[in-house]
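Excluded from the calculations below are hydrogen atoms, water molecules and symmetry mates; all remaining heavy atoms, backbone and side chain alike, are included. In this text, all values refer to a predicted model and were calculated from it rather than measured experimentally. Letters A, B, ... mirror the listed sequences (proteins, then strands); counts begin at 1.
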Amino acid sequence: MTAVSRRDFLKSSALSGASLVIAFHVPRRAEALLLASAPKHPLPAPNAFLRIAADNSVTVQLAHSEMGQGIWTTLPMLLAEELECDWASIRVETAPAAPAYFHTGFGMQMTGGSSTTWSEFDRYRTVGAMAREMLLRAAADRWKVDVKHLRVEKGFVVNGQERLSFGALAEAAQALTPPTAVTLKPPSQWTLIGKPVRRLDTPEKVTGRAQFGSDVHFPGLRTAVVARAPVFGAKVKSFDATKARAVPGVETVVQVPSGVAVVASNFWAARLGRDALDVQWDLGPGQDVDTVQLLESFRALATKPGAVALKKGDCDAALTKSKQRLVAEYDVPYLAHAAMEPLNCTVRLEKDRCDIFVGTQFQTGDQTTAAKLTGLPPDKVNIHTTFLGGGFGRRANPTSDFVSEAVSVAKASGVPVKVQWTREDDTQGGYYRPMFLHRVEVGVDAKGFPSAWKHTVVGQSLLAGTPFEAMVKNGIDESSVEGVTDSPYLQALGAKLVTLHSPRNPVPVLWWRSVGNTHTAFAMESMLDELAHAARVDPLAYRVQLLKGQPRHLAVLQLAAEKAGWGKAPPPGTARGLALHASFGSIVAQVAEVSVDEEKHIHVRRVVCAVDCGLAVNPLSLEAQIQSSISFGLGPTLHSALSIKQGRVQESNFADYVVLRLDEMPKVEVHVVPSKAKMGGIGEPATAPINAAVANAVFALTGQRLRSLPLKLV
Amino acid sequence: MKLVVNDKEVDVSAQADMPLLWVLRDLLGLTGTKYGCGIAQCGSCTVHLDGQPVRSCVTPIASVGARKVTTIEGLSADGTHPVQRAWTEVDVVQCGYCQSGQIMAAAALLAKTANPTDADIDEALAGNICRCGTYQRIREAVHRAAALRASR
Ligand code: FES
Ligand code: FES
């Protein structure tokens, strides 16, 4: 079903399809109940999370976007666990943009921060339990028996030898007043949660039927390709579209704030039309950006203290007193998200409504932006979320760049339009993981353990200049220092100072899978390894010593080490490296086994990964996310980097922005620590430590300490 | 211009140099074949021409001639090709965007090499990028598909 027809289907099934599809909504009154069941997080009303039809199908509305992480399956698992329906009867739809679907922790509709499963754990189970109670009561009324004689079983209410299907009861159940309290099953009774469950979106995704944003089609839809600024911040001075308009299929050429859009009957025509455009640009200060110079300026800044992010004791005095000092600098480049599906957005703008078909991680932001641009009230802006061909943070932009641009093109051209980015547009379009440099100075005691830790971080703030700027407090954007200020290794240390410089420049930046941890884990875990080697202590033993009093971290670290065979000889020609990092509420340890060939290329053979994320709701999906995170992190460990000269991004496509391929994928082994801790996330945390695990293994193998990503042996 | 796509003859009016990818997607509405790079770097657009895997993003429509085009939509009538079954069993897909191309490349490999080694899989599939990193399960699923084919 296309997004368009799905929308219409929703409408028709809710309004007129009573004979075929009986809508069964959990009503708004449920809000009070939800508040009672989850006192810590006041939850919004669960408006239509669930619909049970006469054919027994159970349709679950997703408040979050499916971008590969598997919530298309995990959220229905939560609901079905309590509802006790037949798992095969589950159908899934993405919810429209509406306050009912706001994130229970963040108060807006969005998918990110590895938060979907923990944030929906109570809400989806509660909705399932409410529906179960109402079905039971409907059956009790029908049979005129006390509800306590009844039980539910795989989509039926059972009364001794008699059974009634959920579908047969749905209409009666819908008419009942929802319960004011429900009891959720104790973990001992779970039949789905904690079990490996295969994905529900596979049938569509192995047959080409799955609808991504770029697949949206309806009569009258045109495709646009936009000529964007060649350097960040440049403005159109003038343009000549004569040749572009002469390309067969090109219908119109319009100027929009981001550049010049060529609107055509299909992508290829639009693309050829754009190639034929002649645009003069006012380049502005963006033309001066040069990443080599920028890194040098970061290096200079790092010798001076920045805004204080963490201060304990007199760090400088402790450094002076220390037995020995180690200083190291680590740097990481700009990175593109390079999701497999290049950015795109489809907009149909009418007098009194705007329909947007898009793979987005941030419905509320996009809706608000589009409302401002069109002058329509937000509830007249309908966001139809398709499958996302990868997100990794790029599709959750506080500035809604790819959505607002498409709205502008639709407005200026007067036709329904899909703005499709080319791979080159996507790579060069900005919103990168920022370049960062860390300068770490550590004083050690007689045994080689830290007595003072002075850490300076330099890099652009993700939040500065966005609608979230207010979250930057006293010059500290937490996302620049997360993983340093809260490091488990430094908890007991009496003298520490973490400061931050957030220089601005015209390159737009954005969160990239695991956010600040992408660079902080590299710096922290590389430095730990350097300290261990300087102290002539085994890197595992060194970390164990520092993690006394951190039992969860310790358990994860030791499990990874044990499973990897730490302390035993690695296979000939390989060496092992270790890293541990906690982020998004989960703790991950990795042991990487690497080899190096004659051309000095690094090969990662095997990665053993242990994780404590609290409850693992779907172990099959957890394993997939860890494999995925490691693959995603290994691209920048070994290859990926963006460089900018005279303001121009030098890389453009997968030929020069190199990502991990199948023949480089290590064997990943995943081990989960059984845990009763608060549930954390799993979409991102395993991306963070892999850089350092590999760098540390390379050091163990070659004696070369590589402090720059991507890792290049000399 | 006449083409045979998924065993059906179709007539398209397009410029000779329009890539097959965009003919399939924009003129024929077969959107299962994906655009990822446009320069034969990622494999998202993989289709079969007379059973051979090709990158449709760099295949001008005029060069197709009488060769039969098979896309993901035509690989099997109902998603039961051994590769599709193996992909389902092994739970390979994540975002899914690359998977049409992965499956078409794997199906072509198995048609030629019934029991591929890991090295064969590397060679046949290293041209297909998956940004979700489903590589480990792809490898497992190709072996599984080989077993499913053998037991047919
Ligand atoms: S789109 Fe054809 S190979 Fe990437
Ligand atoms: S499954 Fe997302 S790119 Fe392969």
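Interface remark: of the candidates A:R423, A:E623, A:M665, A:R423 forms the most heavy-atom pairs closer than 4.5 Å to chain B. Contact count against chain B (heavy-atom pairs under 4.5 Å) is highest for A:S214 among A:S214, A:G390, A:P248. Heavy-atom pairs under 4.5 Å with chain A were tallied for B:A119, B:G32, B:G96; the largest tally goes to B:G96. Counting heavy-atom pairs closer than 4.5 Å to chain A, the top-ranked of the candidates B:P19, B:A14, B:S76, B:C130 is B:P19. When each of A:A210, A:G249, A:A339, A:A338 is checked for heavy-atom pairs under 4.5 Å with chain B, A:A338 comes out on top. No other option in B:E123, B:Q136, B:Q99 has as many heavy-atom pairs under 4.5 Å with chain A as B:Q136. Each of A:V668, A:L660, A:D426, A:L388 has some count of heavy-atom pairs under 4.5 Å with chain B, and the biggest count is that of A:V668. Contact tally against chain B (heavy-atom pairs below 4.5 Å) for A:G389, A:G391, A:P203, A:P666: the top residue is A:G389.
Contact check for A:L662 versus B:Q102: no side-chain heavy atoms found under the 4.5 Å cut-off. Between A:T207 and B:Q84 there is a side-chain heavy-atom pair separated by less than 4.5 Å.
The contact between B:I121 and chain A is made by backbone and side chain atoms together, counting heavy-atom distances below 4.5 Å. Proximity to chain A (any heavy atom under 4.5 Å) is shown, for B:D122, by both the backbone and the side chain. Both the backbone and the side chain of B:I129 come within less than 4.5 Å of a heavy atom of chain A. Neither the backbone nor the side chain of A:P196 has a heavy atom closer than 4.5 Å to any heavy atom of chain B. For A:T202, the parts sitting under 4.5 Å from any heavy atom of chain B are the backbone and the side chain alike. Only the side chain of B:Q15 has a heavy atom closer than 4.5 Å to any heavy atom of chain A. For B:N128, the part sitting under 4.5 Å from any heavy atom of chain A is the backbone (N, CA, C, O) and nothing else. Interface residue A:A624: backbone and side-chain heavy atoms are both found under 4.5 Å from chain B. Residue contact with chain B, scored on non-hydrogen atoms closer than 4.5 Å, involves the backbone and the side chain of A:M340 alike. Contacts between A:Q420 and chain B at a heavy-atom distance below 4.5 Å involve the side chain alone, from C-beta outward. In this structure, chain B has heavy atoms under 4.5 Å from both the backbone and the side chain of A:T422. Using a 4.5 Å cut-off between heavy atoms, B:T134 makes no contact with chain A at all. Heavy atoms of B:L75 lying under 4.5 Å from chain A are absent altogether.
Atom NZ of A:K195 is surrounded by more than 12 heavy atoms from other residues, nucleotides or ligands within 6.0 Å.
Heavy-atom minimum distance, A:K205 versus B:V93: CD-CG2, 3.9 Å. The minimum heavy-atom distance linking B:I39 with A:A655 is given by the pair CD1-CB, 4.5 Å. What you find for A:P342 and B:Y97 is that their closest heavy atoms are CD-OH, 4.0 Å. Residues B:C132 and A:S628 approach most closely at O-OG, 2.6 Å, considering heavy atoms. When every heavy atom of A:L620 is checked against every heavy atom of B:R137, the shortest pair comes out as O-NH2, 2.8 Å. Between A:D201 and B:Q94, the shortest heavy-atom distance links the atoms OD2-O, 4.3 Å.
In this structure, the ring of A:F267 has its center less than 6.0 angstrom from the ring center of B:Y35.
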Q: Show the numbers, then the answer: is there a side-chain contact (heavy atoms from CB on, under 4.5 Å) between B:M18 and A:N266?
A: CA-CA 11 Å; B:M18 185 167 179; A:N266 63 70; 3.8 Å; yes

Q. Run the side-chain contact (heavy atoms from CB on, under 4.5 Å) check on B:Y135 and A:Q627 step by step: do they pass?
A. CA-CA 8 Å; B:Y135 298 131; A:Q627 292 174 354; over 6 Å; no

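We find the CH2-CG distance between A:W268 and B:D17 to be 7.0 Å, quoted to the nearest 0.5 Å. A:T73 OG1 to B:D91 CG: the interatomic distance, rounded to the nearest 0.5 Å, is 7.5 Å. Rounding to the nearest 0.5 Å places CZ of A:R198 at 6.0 Å from CD of B:E89. One finds the OG1 atom of B:T31 at 5.0 Å from the CD atom of A:Q211 (value rounded to the nearest 0.5 Å).
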